[in-house]
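Right, one structure below, let's go through it.
Lettering of chains follows the sequences in order, A, B, ..., and the numbering in each one begins at 1.
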Amino acid sequence: MIDLFTILTKGGIVLWTKSFTSVTNNPIDSLIKDVLINERGDSTNYIKNEYELKWKFSNETNLIFVVAYQKIIQLTYADELLNATQKAFLKKYSEEIQNPLDIENFEFDEEFTNLLTKIEMKDNESRKNKVQRSFKDTEAYLSTREGSQKKLNKKDESSSEDEEMPSPTFAPRSPRTGRKSPKFVKKTKTKTPKSPKSAKKGRKWDDQITAEEAEALDFSKKDDIEKSYSAEHLVDREAMGQRTKDGMYDVDEMQEESEDSDEFDEESEKQPSGKAFNFFKSITGQKVITQEDLNPVLVNMKEHLINKNVAADIAAHLCNSVSKGLIGKKASGWKGVSNLVKIEMEKALRSILTPRTSTDVLRDIFAAKKKGRPYSIVFVGVNGVGKSTNLSKVCFWLLQNKLKVLIAACDTFRSGAVEQLRVHARNLRALEENAEVDLFERGYGKDSAAIAKDAINYASLNNYDVVLIDTAGRMQDNEPLMRALAKLVTVNDPDKIIFVGEALVGNEAVDQLTKFNQALKDFSGRQNPRQIDGIILTKFDTIDDKVGAALSMTYITGQPILFVGTGQTYTDLRKMNVKSIVQCLLK
Amino acid sequence: MEMNNNLIIIIAIASIAILLIAAIVILKLTGNREKKDTFIITGICDSGKTSLYLRLRNDKVMETHTSITENEGRFPLAQEDEEKVFHVIDFPGHYKLRYKYQDFTPITKGVIFVIDSATFIKNEREVTEYLYEILANKYISENEVSILIACNKQDYLIALPKERIKTALENEINNLRSTRAAGVEEQDEDNVDDFLGYENEAFKFEHLPNQISFIECELKSGNANSGISEIKDWMVENF
C-alpha cells in the first residue's frame with residue numbers, strides 16, 4: 001500500500017529507505033523545501049503530484065521519518081506506522097544514533113517488513129469487521145423476538161470476545177501494546193494533579209469556578225476515584241515534585257492543555273522511563289523537554305508576539321511549530337526551557353523573514369532592458385496606505401540609477417490622484433539632473449486596465465525602462481473593485497505586483513493579503529494566476545518596536561518585503577534588515 | 001593572635017578567589033580566540049554539498065535530500081593523513097537557511113562552493129548571487145580566504161566545463177556589481193559589502209585578493225576519476 005518509507009537526518013542524509021515502487025519526481029525534496037523549511041509546522045500531510053506524504057520528527061536524535069503513498073488511497077495507518085517504526089528504529093540503534101555517520105549500514109529491512117505486515121493485517125481485519133456486520137450484530141436485531149431472547153447470552157459473549165479478539169494480532173512486540181501501557185501510566189499522571197489541586201483551590205479565590213473545581217465539589221464520584229487511585233499515590237507525588245523543580249508548576253494551565261489535546265499526550269508517551277531517573281535528570285540538567293514544560297513558556301511567548309503586533313493566528317502557528325521542534329530535545333546545563341524556546345523562535349522568525357527568492361529588482365530591470373522591453377510594476381493596496389507616495393520614492397531611486405521611468409496614473413477614481421502624481425513627477429524632475437520621468441494619464445472615470453495597457457505600449461515605443469502603475473486604493477471586501485484589479489493584472493501581466501501595506505496593521509494584515517491574493521486568483525480567469533510578488537511596508541517610522549506586521553505579511557504570502565518606507569521625503573526608502581526585525585520582535 | 005589568624009584566612013580566601021576569577025577570564029579569552037581552521041561547503045540547493053561532505057568524511061556515496069540543518073564534523077579526511085583533523089561544515093543551500101554560514105566566516109579557512117554544472121544555465125543568477133554574497137563578505141575578503149569552486153555532476157551529458165562556468169560567473173558578477181552598489185540602503189546598516197574587483201574594468205576572478213580555483217568533479221558517479229582527490233589535495237594545501 002505504501003510506496004516509500006525513508007529515515008533521514010535533518011542534515012539531509014538518508015540513513016535507511018525502502019521503496020516498494022519506483023518513486024518519481026522526488027516528493028521528499030519538495031516536502032522539505034515547501035513545508036519543513038518554511039516553518040509550516042501545523043500541517044500534517046503534504047500532497048505532491050500523485051503522492052501524499054506524512055512525516056514525523058524525532059528531535060532528540062535529529063531524524064525525520066517520512067512515508068509516501070498514492071494520494072488516492074485513504075491510508076488509515078500512516079501515523080501508526082510512523083510511530084511504530086520510529087520506536088523500533090530508535091530502540092535498535094539507541095546507542096549509535098548520536099553519530100549516525102559512523103554506522104556502516106542500517107539493517108532495518110526485516111524489522112520494518114514485520115511491522116508493516118502486522119499493521120496492514122490489523123488494518124485489514126478492522127476493515128473486514130466493519131464490513132461484515134450482520135443484522136444479528138445490529139441494535140435493531142435486539143428488538144426482534146429472537147434477539148431479545150438471546151440478549152442476555154449475547155452480552156456475555158461479546159464482552160469476552162472483545163477481550164480475546166485482539167490477542168492473536170497483538171504479538172508482544174506489536175506497537176499497539178507498546179503504546180497502550182504508557183498511555184495508561186499517562187492517564188494516572190494527568191489525573192493526579194486533581195488531588196493536590198483540590199487542596200490548592202482554597203488559595204485561589206479570585207479564580208472563576210472551572211469544570212475541574214466543580215468536579216472536585218462533586219463528592220458523589222470523588223470517593224470512588226480516590227479509592228481507586230490511592231494505591232498509586234506515591235507515584236503521583238514524584239511526578240508532581242519533578243514538575244515543581246522546573247518552577248513552572250501551574251495547575252490550571254496544565255490541566256487545560258493536557259485534557260484538550262491528545263497529540264500532546266502522545267508526544268510525552270515517548271519517554272516512559274523511570275520517574276526516579278527523570279527526577280535525577282532534571283537536577284543534572286539532562287531533562288527531556290515535554291509539552292508540559294513548554295506550555296507556560298509558549299503562552300508567554302505568544303502573548304509577547306501579539307503585543308508586538310503579530311497577528312494572533314500567526315503567533316499561535318509559530319508557537320506550535322516551535323514546540324514541535326523542541327519536544328524530545330534535552331534541556332542542557334544552564335539553559336532553561338525558556339531560553340531554548342527563545343533560540344528556536346529566533347531561528348523560526350529568521351527563516352520566515354528571510355526572502356526565498358532574490359530581491360534584486362534592479363537586476364531584473366536590467367535584464368528586461370537588455371531584451372528591449374519596459375519593466376512594469378503595479379502597486380496595489382487598501383486606501384490610504386501610501387501607494388502613490390512610495391511609488392514616487394521607488395521612482396526616485398530608479399532615477400538615481402539613470403533609468404527612464406514612466407508613471408501610469410491608473411487611479412481614475414479618487415479626485416486629485418492624477419494631480420498628485422503630476423506634482424511628484426515635476427518634483428522628481430527637478431531633484432535629479434537629467435531625470436527622465438513622465439506621467440501617463442487619461443483623466444478620471446476610465447477603465448484602468450486599458451490605461452495601463454496604453455501606458456506600457458507607449459513606454460515600449462518611447463524606450464522607457466520602467467513603468468510604474470499606480471492603482472486606486474480598495475478595500476479587500478469590495479468585490480467589483482477587486483475584479484477590476486484582477487482584470488488590470490491579467491490584461492497587462494506586469495513583471496511585479498507589489499502590495500503596499502501599513503506597518504500599523506495587526507490582525508487585519510492577514511485578511512488584506514489573503515483576500516487580495518484570492519481575488520487575483522479567482523477573478524483572473526487564467527490557469528496560472530498571478531499572485532503578489534513583493535511587499536512594501538510603509539509608515540515604518542511610526543511603529544517603534546511593534547514590527548509584527550512585517551512578520552505577519554511575509555508569513556502569509558511567503559513573499560519578501562522589498563522595501564520599507566521610513567519617512568516623508570523621497571529618500572526615505574530602505575531595505576529591511578532581517579536581523580534587527582528579529583531582535584525587535586524578541587526584545 | 002586570633003585576629004591575625006582571621007586576617008590571614010580572609011586574605012587567603014580573597015587571593016584564591018582572585019586567582020580563580022583570573023583563571024576563568026583567561027580561559028574565556030583564549031576560548032573566544034578560536035583558530036581559523038574551518039572549511040565551509042556552500043552552494044545552492046541540489047548541487048551536491050552533502051554528498052561532498054560524506055565523500056570527505058568516510059568516502060561513502062549515500063542518498064541525500066535537501067538539508068534542513070548543517071552537517072558539521074571534525075575528522076581526518078577519508079584515506080588521507082590521520083593526523084590532520086579538519087573541521088568541515090556543510091550548510092543548507094535553501095534561500096531561507098543560507099544566512100547561517102555568516103556566523104562562521106570569521107573562523108573560515110577555506111570555502112568550497114559547489115555548483116551543479118548540469119543545471120547551471122537555468123540557475124545561473126541564483127548561483128552567482130550566492131557566490132557574490134560570499135565573495136563580498138567582509139571576513140572572506142579581509143582574510144583572503146581561499147575559495148574552491150567545484151563544478152559537480154560532470155558525469156551528466158549536458159554539464160558545462162569549468163571554463164564556461166568561470167566566464168559565465170564573471171559576466172554575471174559584473175552585472176551584479178553594478179546593481180548591488182546602486183541598491184537601496186538597508187535600515188541601520190552595519191556591514192557595507194566591499195566592491196569586488198577593480199572599478200572601470202570588467203570583473204575577473206584574478207582581480208580578487210582571494211585565491212580562487214576551479215575544479216571539475218562527479219561525486220556520485222562512482223567513477224574512479226571523480227575529482228574528489230583534487231578537492232582533498234586542495235584542502236590539505238590550505239590546511
Side-chain angles (χ1 to χ4, degrees), chain A residues 6 8-15 17 26 28-33 36-39 62 64 66 99 101-102 104 347 350-367 370 393-394 397-398 400-402 540 562-564 566 571 573-581, chain B residues 45-46 48-51 53-54 56-58 60-73 75 78 89-100 102-103 123-130 132-133 172 174-191:
Chain A
T6 297
L8 69 158
T9 67
K10 283 189 182 169
I13 300 162
V14 175
L15 298 182
T17 184
N26 213 337
I28 294 181
D29 274 353
S30 333
L31 165 75
I32 295 172
K33 280 179 196 161
L36 305 186
I37 288 181
N38 286 316
E39 295 293 337
N62 273 330
I64 313 172
V66 188
N99 294 307
L101 290 180
D102 296 340
E104 267 307 304
K347 265 196 219 158
R350 204 155 171 193
S351 76
I352 288 171
L353 286 166
T354 308
R356 64 177 174 203
T357 51
S358 165
T359 55
D360 196 344
V361 182
L362 216 49
R363 179 73 194 85
D364 293 338
I365 293 174
F366 281 123
K370 237 181 204 170
K393 286 183 199 169
V394 171
W397 169 62
L398 295 174
Q400 283 181 313
N401 290 307
K402 310 283 174 234
F540 207 73
L562 296 172
F563 305 109
V564 290
T566 55
T571 50
L573 194 66
R574 296 278 179 281
K575 242 185 188 160
M576 191 178 69
N577 186 335
V578 174
K579 242 188 215 169
S580 71
I581 299 271
Chain B
C45 270
D46 304 325
K49 298 173 295 298
T50 307
S51 302
Y53 176 82
L54 288 171
L56 291 176
R57 183 162 178 157
N58 21 20
K60 267 201 279 192
V61 177
M62 286 168 92
E63 201 186 325
T64 58
H65 288 296
T66 312
S67 307
I68 303 176
T69 56
E70 54 274 18
N71 292 304
E72 183 180 0
F75 48 83
I89 312 176
D90 150 43
F91 286 98
H94 193 278
Y95 228 107
K96 281 183 175 289
L97 301 173
R98 269 179 211 171
Y99 66 89
K100 287 183 176 169
Q102 291 163 358
D103 301 339
N123 297 325
E124 188 181 343
R125 273 186 58 192
E126 199 190 341
V127 172
T128 320
E129 274 180 24
Y130 195 10
Y132 179 91
E133 206 180 288
E172 190 58 36
N174 206 23
N175 290 333
L176 274 181
R177 221 166 37 159
S178 53
T179 64
R180 286 299 157 92
V184 172
E185 317 166 37
E186 204 166 292
Q187 316 166 269
D188 26 77
E189 195 160 32
D190 38 6
N191 50 338

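- Taking the side chain as every heavy atom from C-beta outward, A/L36 and B/H94 never approach each other to under 4.5 Å.
- Shortest non-hydrogen contact noted between B/Y99 and A/K347 is OH-O, 3.9 Å.
- When heavy atoms are compared at a cutoff of 4.5 Å, A/V564 approaches chain B solely by way of its side chain, counted from C-beta outward.
- For B/R57, the part lying under 4.5 angstrom from a heavy atom of chain A is the side chain only.
- Between B/K96 and A/S351 the shortest heavy-atom distance is NZ-O, 2.9 Å.
- Heavy-atom pairs under 4.5 Å with chain A peak, among B/M62, B/R125, B/E126, at B/R125.
- The line from OH of B/Y95 to OG1 of A/T354 is 10.5 Å long, rounded to the nearest 0.5 Å.
- In this structure, the portion of B/E129 lying under 4.5 Å from any heavy atom of chain A is its side chain and not its backbone.
- Put simply, OG1 on B/T179 and CZ on A/F366 are 7.5 Å apart, with the number rounded to the nearest 0.5 Å.
- Residue contact with chain B, scored on non-hydrogen atoms closer than 4.5 Å, is absent for A/I365.
- Under the side-chain contact (heavy atoms from CB on, under 4.5 Å) test applied with B/E63, the options A/I28, A/T17, A/I13 reduce to a single match, A/T17.
- The contact between A/D29 and chain B is made by backbone and side chain atoms together, counting heavy-atom distances below 4.5 Å.
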Run B/E172 and A/R363 through side chain to side chain contact (heavy atoms under 4.5 Å, CB included) and show every step you take. CA-CA 10 Å; B/E172 190 58 36; A/R363 179 73 194 85; 2.8 Å; yes
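- Heavy atoms of B/T69 lying under 4.5 Å from chain A belong to its backbone as well as its side chain.
- A/K10 places no side-chain N or O within donor-acceptor distance of the main-chain N or O of B/I68, the cut-off being under 3.5 Å.
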Take A/N26 and B/H65, measure what side chain to side chain contact (heavy atoms under 4.5 Å, CB included) needs, and give me the verdict at the end. CA-CA 9 Å; A/N26 213 337; B/H65 288 296; 3.3 Å; yes
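- Of the two parts of A/K370, only the side chain, counted from C-beta on, holds a non-hydrogen atom closer than 4.5 Å to a non-hydrogen atom of chain B.
- Listed here is the closest heavy atom pair of B/S67 and A/G11: OG-O, 2.5 Å.
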